[in-house]
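What you are looking at is a predicted structure, and each value in this text was computed from that prediction instead of being measured. Count residues from 1 along the sequence.
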Amino acid sequence: MERELIISPEVEAKRKRVEELRQEYLALFTQKDQMLNVEMSDLNIRYIKLIGQLKYECFKLSVEVRALKMKVELAQASINRGEMPDVDSIVNIVSTRLEDYYKMVQHQAQAVKAAREAESISVDDIKELKDLYRLLVKRLHPDLHPSQDQRMVDLYIQGQAAYRSLNLPMLREIVMRIDIDADIDDLVAKEETLDEMIERLEGQIAQMRADIEKLNSTFPFDHRDKLSDEEWITNERNELMKEREQLEAQKKMYEERFNLQTTL
C-alpha cells in the first residue's frame, strides 16, 4: 500500500507564497517590458506627431541660424583684413565646427520619419502586433526562462526585430512556431529551497518596482498626462510656432547679410 505524502501547513504556506511572488514578478516584468517595447514607442510617436515635429523644425532652424551667424562672422573677419571672403573655405570651416549638430538634426529627422511611417499602419494591425509581442515575451523572454535552449532564444530575438520593424506577417509566423501549450522552463530553479526562492523573488520584485518607478520619471513616460492634455498641447505648439517664426526671421537676416558680404 502506497504511503500518502504528508505536507506540513508551513511548507504548504511557503509554496503558496512562492507562487504568489512568481505571479507578482511576472506581472511586474510584463509591465516593465511593455513600457519599454510597446508604450515607449506609442508615446514617442504621439509626442513627435503633436510636439516633436515642431521641435525638430525649430532645432533644425536654430542650427541653420547658428551656421549662418558663424559664416557672417568669418566673412566679416576677412573683410576687416581687407580680403574678399572665401565662401568655400567658410562653408568648410562651419561644417566642421557644427558636425555634431548636423548629426543631431539627421537623427531627429529619422525619428520624425519613423513616426510618420508608424502612422500608416492600421489600428487593428497595431493591436495585433502588441498582442503577439506580449505573447512572445511571456513565452520566450530569456529573463523569464533562463534555461531554454538557443533555438528559443534566437526565435525571441527574431520576434523582437519583427515587432520593432512593424513586420506583422513575420511576427505572426514566429509566434506560430511557439508551442503555446508546452511547459517552458520554470522560472524558479529546482535546487533552491523554498526560503531561498522567497528571498530571491522578493528581491527581484523590489528591484522591478524600483525600475518601473524610475522609468515613470523619465521621458517619454513623464509626458503621459501632458500628451492627453489638450490645453498643454495647444500652449506648447503655440510657443514652438512663435519660436519658429523668430528663427525664420533670424535666418533671413543672416542670409541677406552673408550674401551682401560675399558679393561686394
Side-chain angles (χ1 to χ4, degrees), residues 19-52 110-188 201 204-205 207-229 233:
E19 185 57 32
E20 290 172 349
L21 289 171
R22 288 176 61 193
Q23 293 302 319
E24 184 178 357
Y25 177 75
L26 177 59
L28 289 169
F29 182 94
T30 303
Q31 179 185 349
K32 178 183 174 183
D33 190 86
Q34 182 160 337
M35 286 176 70
L36 290 173
N37 293 301
V38 179
E39 187 182 8
M40 178 181 284
S41 175
D42 290 348
L43 288 172
N44 275 327
I45 290 170
R46 183 167 171 76
Y47 179 83
I48 289 172
K49 179 181 176 182
L50 297 173
I51 305 297
Q110 290 171 348
V112 170
K113 180 183 177 183
R116 287 174 177 167
E117 290 174 349
E119 283 189 282
S120 65
I121 299 177
S122 73
V123 174
D124 289 341
D125 283 352
I126 288 291
K127 183 180 184 303
E128 185 178 355
L129 269 166
K130 292 178 182 178
D131 289 343
L132 289 173
Y133 183 73
R134 279 192 286 268
L135 179 59
L136 182 80
V137 169
K138 183 177 180 180
R139 304 304 295 175
L140 294 184
H141 198 292
D143 286 353
L144 292 176
H145 309 288
S147 301
Q148 66 189 358
D149 61 35
Q150 188 60 43
R151 182 176 63 86
M152 291 293 102
V153 174
D154 292 342
L155 200 61
Y156 176 71
I157 293 171
Q158 292 170 29
Q160 277 190 312
Y163 175 76
R164 288 170 181 164
S165 62
L166 306 176
N167 191 332
L168 181 55
M170 181 182 290
L171 188 56
R172 283 174 180 156
E173 181 181 345
I174 288 168
V175 171
M176 284 177 64
R177 290 163 60 187
I178 303 171
D179 184 0
I180 304 302
D181 296 324
D183 287 328
I184 304 178
D185 305 296
D186 197 278
L187 175 64
V188 180
L201 285 166
Q204 289 176 324
I205 287 169
Q207 182 60 56
M208 194 63 68
R209 289 188 183 281
D211 291 346
I212 290 171
E213 183 178 355
K214 184 176 180 180
L215 279 175
N216 280 324
S217 65
T218 60
F219 182 85
F221 303 106
D222 59 350
H223 276 60
R224 278 195 195 99
D225 294 338
K226 291 177 179 178
L227 292 174
S228 299
D229 184 340
I233 292 170

K32/E213 ion pair, N-O < 4.0 Å = no
remark   = Rounding to 0.5 Å, atoms CG (D131) and CG (L136) come to a distance of 12.5 Å
Partner set under salt bridge (charged side-chain N to carboxylate O under 4.0 Å, His left out) for D42, not counting sequence neighbours = K130
ask   = Should the pair D211-K214 be classified as a salt bridge under the 4.0 Å nitrogen-to-oxygen rule?
value = no
ask   = Which value, rounded to the nearest 0.5 Å, describes the distance between K138 atom NZ and L135 atom CG?
value = 8.0 Å
note = One should read off an interatomic distance between E19 CD and L201 CG, to the nearest 0.5 angstrom, of 10.0 Å
key: Pairwise distance CZ(F219) to CG(L43) - rounded to 0.5 angstrom   = 8.0 Å
request  = Could you tell me the separation between the CD atom of Q158 and the CD1 atom of I174, rounded to the nearest 0.5 Å?
outcome  = 5.0 Å
query = Which pair of heavy atoms, one from F221 and one from M35, lies closest together, and at what distance?
reply = CZ-O, 3.1 Å
message = Using a 3.5 Å distance criterion without hydrogens, assess whether the side chain of N44 forms a donor-acceptor pair with backbone atoms of M40.
response = yes
query = Is any side-chain heavy atom of L132 less than 4.5 Å from a side-chain heavy atom of R172?
reply = yes
query = Nearest 0.5 Å, what's the OG-CZ distance between S228 and R46?
reply = 5.0 Å
ask   = Would K226 and I233 satisfy side-chain contact (heavy atoms from CB on, under 4.5 Å), going step by step from the backbone distance to the final call?
value = CA-CA 7 Å; K226 291 177 179 178; I233 292 170; over 6 Å; no
Neighbour count >12 (heavy atoms, 6.0 Å) for atom CE, M170 = no
inquiry  = What verdict does the side-chain contact (heavy atoms from CB on, under 4.5 Å) test give for Y156 and R139, after you've listed the backbone C-alpha separation in whole Å, the side-chain angles of each residue and the deciding distance to 0.1 Å?
reply    = CA-CA 9 Å; Y156 176 71; R139 304 304 295 175; over 6 Å; no
inquiry  = Does the plane of the ring in H141 sit parallel, tilted or perpendicular to the ring in F29? Use 30° and 60° as the thresholds.
reply    = perpendicular
inquiry  = Working note: L171 + E128, criterion side-chain contact (heavy atoms from CB on, under 4.5 Å); need CA distance, chi angles, decisive distance, verdict.
reply    = CA-CA 10 Å; L171 188 56; E128 185 178 355; over 6 Å; no
query = Residues two or more places apart in sequence or in another chain: which of them pass salt bridge (charged side-chain N to carboxylate O under 4.0 Å, His left out) with D222?
reply = none
key: E24/R209 under side-chain contact (heavy atoms from CB on, under 4.5 Å): CA gap, chis, key distance, verdict   = CA-CA 11 Å; E24 184 178 357; R209 289 188 183 281; 2.5 Å; yes
